[in-house]
Amino acid sequence: MISMITDTSSYADDFLCHCFSGTVHSVYNKTINIQASGQLLALQSASSPLSPVSLITDLTAGMLKSLHIEPGQAVRFSRESIEILSSGKSVLFRYIPGHIYPSGLSALSAGSSPDVLKSRVQMALGKSAADGFCLLFSSRPGMAGGESLVLSAAREHMSRCRLLLWKQGYMEAARTLSQLIGLGIGLTPSGDDFLCGVLASITLCRLSDHPFARCLIAELESHLSDTNDISATFLRCALQNQFSLAICRLPDLPPADEILQSFEAVGHSSGTDTLCGILYALDLAGFLK
């Protein structure tokens with residue numbers, strides 16, 4: 001069977017220039033994850049949200065599932081194709097993307113106020129019906145019977161980090177916030193998605209050289225093994241300033257409804273968890289400068 005890869009990111013495209021072989025890491029409903037040189041790439045069904053490791057195919061979710069790809073199968077890469085080898089017929093994906101989106105995040109322009117973006121992100125989260133960390137950033141009531149242990153722990157880490165930053169305890173604040181790694185359930189725990197959002201705001205607000213940002217980056221780099229492979233992949237990308245298309249559009253200051261739509265399309269609550277991290281760090285930016 002021959003299919004096509006239609007869309008990808010500049011990060012994934014560059015990676016494919018230097019990669020020749022790998023193996024199937026895992027298979028999910030709409031995604032085949034491929035591991036190569038310590039990195040994951042994601043073959044995804046058509047119209048899936050674009051992440052920095054996405055390789056969007058022309059197949060529906062049902063067609064992708066019908067390929068019967070299994071973990072451990074060998075994969076060969078070239079600039080023209082990605083081939084998954086099996087005991088039966090091989091599956092070939094022609095690499096002819098019509099769109100390669102730039103996945104490196106830009107800072108807000110000098111004339112753009114972070115407060116405008118903060119207001120729009122806040123409005124977006126206020127309209128969201130998602131669960132996860134969104135319950136900490138909206139006026140909706142939490143789970144019946146009280147806040148979950150995950151949300152209580154997240155709230156405590158966020159509050160303590162804020163207090164430590166106010167006292168200029170940058171290293172301790174970074175250590176406190178990095179304890180969110182692996183917090184939650186799913187392919188990408190809420191804590192990891194939130195931290196990706198924090199890293200995005202650091203870039204958006206031109207704070208990469210701030211002592212807190214440097215401490216946080218060092219802490220996260222040293223704790224990537226504290227979460228699963230898939231989530232660690234997105235954190236590693238964020239540490240290299242590589243983000244999803246939804247995040248990379250934020251410097252254009254899209255309206256709240258557009259922000260909500262693009263982030264809610266990502267996973268069960270992954271997109272809104274990331275948006276919570278963006279809002280949290282935008283809120284901190286005022287006294288980090």
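This structure is a prediction, so every number in the text was calculated from the model and none was measured.
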Are any of the side-chain heavy atoms of His268 and Asp131 separated by less than 4.5 Å? yes
Can you find a heavy atom in the side chain of Ile217 that is under 4.5 Å from one in the side chain of Leu199? yes
Please step through side chain to side chain contact (heavy atoms under 4.5 Å, CB included) for the pair Leu55 and Phe93, ending with a clear verdict. CA-CA 10 Å; Leu55 300 167; Phe93 293 88; over 6 Å; no
Strictly distance-based, threshold 3.5 Å: is any side-chain N or O of Gln73 a donor or acceptor partner for the main-chain N or O of Glu70? yes
Can you tell if the side chain of Pro189 reaches within under 4.5 Å of the side chain of Leu183, non-hydrogen atoms only? no
Do other residues, nucleotides or ligands put more than 12 heavy atoms under 6.0 Å from Gln240 CD? yes
Verify the neighbour count for atom CD1 of Ile185: are there more than 12 heavy atoms of other residues, nucleotides or ligands below 6.0 Å? no
Donor-acceptor pair, side chain of Asn33 and main chain of His25, under 3.5 angstrom: no
Is the side chain of Ser37 donor-acceptor paired with the backbone N or O of Gln39 at a distance under 3.5 Å, no angle test? no
Would you say Ser78's side chain and Ser81's backbone share a donor-acceptor pair under 3.5 angstrom? yes
Across all chains, not counting sequence neighbours, the salt bridge (charged side-chain N to carboxylate O under 4.0 Å, His left out) partners of Glu264 are none
Between atom OG1 of Thr8 and atom CD1 of Ile96, what is the distance when rounded to the nearest 0.5 Å? 13.0 Å
Does Glu156, at its CD atom, have more than 12 non-hydrogen atoms belonging to other residues, nucleotides or ligands within less than 6.0 Å? no
Under the 4.5 Å side-chain heavy-atom rule for ILVMFWY, direct or indirect, which residues accompany Leu50? Ile56, Tyr101, Leu245
With rounding to the nearest 0.5 Å, note down the distance linking CG in Leu40 to OG in Ser51. 10.5 Å
Should Tyr28 and Val91 be regarded as members of a common hydrophobic cluster, given that ILVMFWY residues are connected when their side-chain heavy atoms come within less than 4.5 Å of each other, either directly or indirectly? yes
Sequence neighbours excluded, which residues qualify as salt bridge (charged side-chain N to carboxylate O under 4.0 Å, His left out) partners of Lys65? none
Any side-chain heavy atom of Ile278 sitting closer than 4.5 Å to one from Phe263? yes
Ile230 backbone acceptor or donor facing Asn228 side chain under 3.5 Å: yes
Take Asp193 and Ser270 through the side chain to side chain donor-acceptor pair (under 3.5 Å) test and state the conclusion after the steps. CA-CA 6 Å; Asp193 296 323; Ser270 290; 3.1 Å; yes
Working for side chain to side chain contact (heavy atoms under 4.5 Å, CB included), residues Thr203 and Ser208: CA-CA 6 Å; Thr203 293; Ser208 299; 4.2 Å; yes
What distance separates Leu239 CG from Leu195 CG, expressed to the nearest 0.5 Å? 9.5 Å
CG (Leu187) and OG1 (Thr227) are apart, to the nearest 0.5 Å, by 10.5 Å
Could you verify whether a donor N or O on one side chain and an acceptor N or O on the other, from Asp13 and Tyr95, lie under 3.5 Å apart? yes
Is it true that a side-chain atom of Ser152 and a backbone atom of Leu149 form a donor plus acceptor pair closer than 3.5 Å? no
Honestly curious: do Phe243 and Leu224 fall in one hydrophobic cluster under the side-chain, below-4.5 Å linking rule? yes
Sorted by chain and residue number, the salt bridge (charged side-chain N to carboxylate O under 4.0 Å, His left out) partners of Arg155 (sequence neighbours excluded) come out as Glu147
Go through the side-chain N and O atoms of Ser103 and Ser10 and say whether any donor and acceptor fall under 3.5 Å apart. yes
Once you round to the nearest 0.5 Å, how far does CG of Leu275 lie from CZ of Phe137? 10.0 Å
Under 3.5 Å donor-acceptor, Thr57 side chain and Ile5 backbone: no
If you look at every heavy atom in Ile247 and Leu105, which pair is closest and at what distance? O-CD1, 3.6 Å
Kindly give the heavy-atom pair with the smallest separation between Leu250 and Leu108, and that separation in Å. O-CD2, 4.2 Å
Polar contact flag, side-chain donor to acceptor under 3.5 angstrom, Asp273-Ser269: yes
Asp14 vs His18, side chain to side chain contact (heavy atoms under 4.5 Å, CB included): CA-CA, chis, key distance, verdict: CA-CA 7 Å; Asp14 182 67; His18 308 94; 3.6 Å; yes
Report yes if some heavy atom in the side chain of Arg160 is under 4.5 Å from a heavy atom in the side chain of His157; otherwise report no. no
Would one find more than 12 heavy atoms of other residues, nucleotides or ligands at under 6.0 Å from atom CZ of Arg76? no
Lys118: salt bridge (charged side-chain N to carboxylate O under 4.0 Å, His left out) partners, not counting sequence neighbours: Asp283
Quick one: are Val53 and Phe15 in side-chain contact, heavy atoms under 4.5 Å? no
Which atom of Thr176 lies closest to which atom of Cys161, heavy atoms considered: CG2-N, 4.0 Å
Taking every heavy atom of Val27 against every heavy atom of Ile69, the minimum-distance pair comes out as CG2-O, 3.4 Å
In one Ile/Leu/Val/Met/Phe/Trp/Tyr side-chain cluster, 4.5 Å: Leu163, Leu216: no
Val75 and Leu67: same hydrophobic cluster, using ILVMFWY side-chain contacts below 4.5 Å? yes
Which residue pairs pass the ring-ring contact (aromatic ring centres under 6.0 Å, His included) test with at least one member in residues 171-213, sequence neighbours excluded? Phe133-Phe194, Tyr170-His210, Phe194-Tyr280
Are any non-hydrogen side-chain atoms of Leu180 and Val198 less than 4.5 angstrom apart? no
To the nearest 0.5 Å, tell me how far Gln35 CD sits from Cys19 SG. 10.5 Å
With side chain to side chain contact (heavy atoms under 4.5 Å, CB included) as the test, would you mind laying out the steps for Arg120 and Val116 before giving the verdict? CA-CA 6 Å; Arg120 294 183 184 182; Val116 174; 3.7 Å; yes
Side chain to side chain, Val266 and Ser244, heavy atoms closer than 4.5 Å: no
Can you give me the closest heavy-atom contact between Leu260 and Ser128, atom names plus distance? CD1-CB, 3.6 Å
So which atom in Ala256 and which in Met123 form the shortest heavy-atom distance, rounded to 0.1 Å? CB-CB, 3.7 Å
Counting only heavy atoms from other residues, nucleotides and ligands, does the tally under 6.0 Å from CZ of Arg214 exceed 12? yes
Ile32 and Met63: same hydrophobic cluster, using ILVMFWY side-chain contacts below 4.5 Å? yes
State whether the side chain of Ser222 and the backbone N or O of Glu219 hold a donor-acceptor pair below 3.5 Å, judged by distance alone. yes
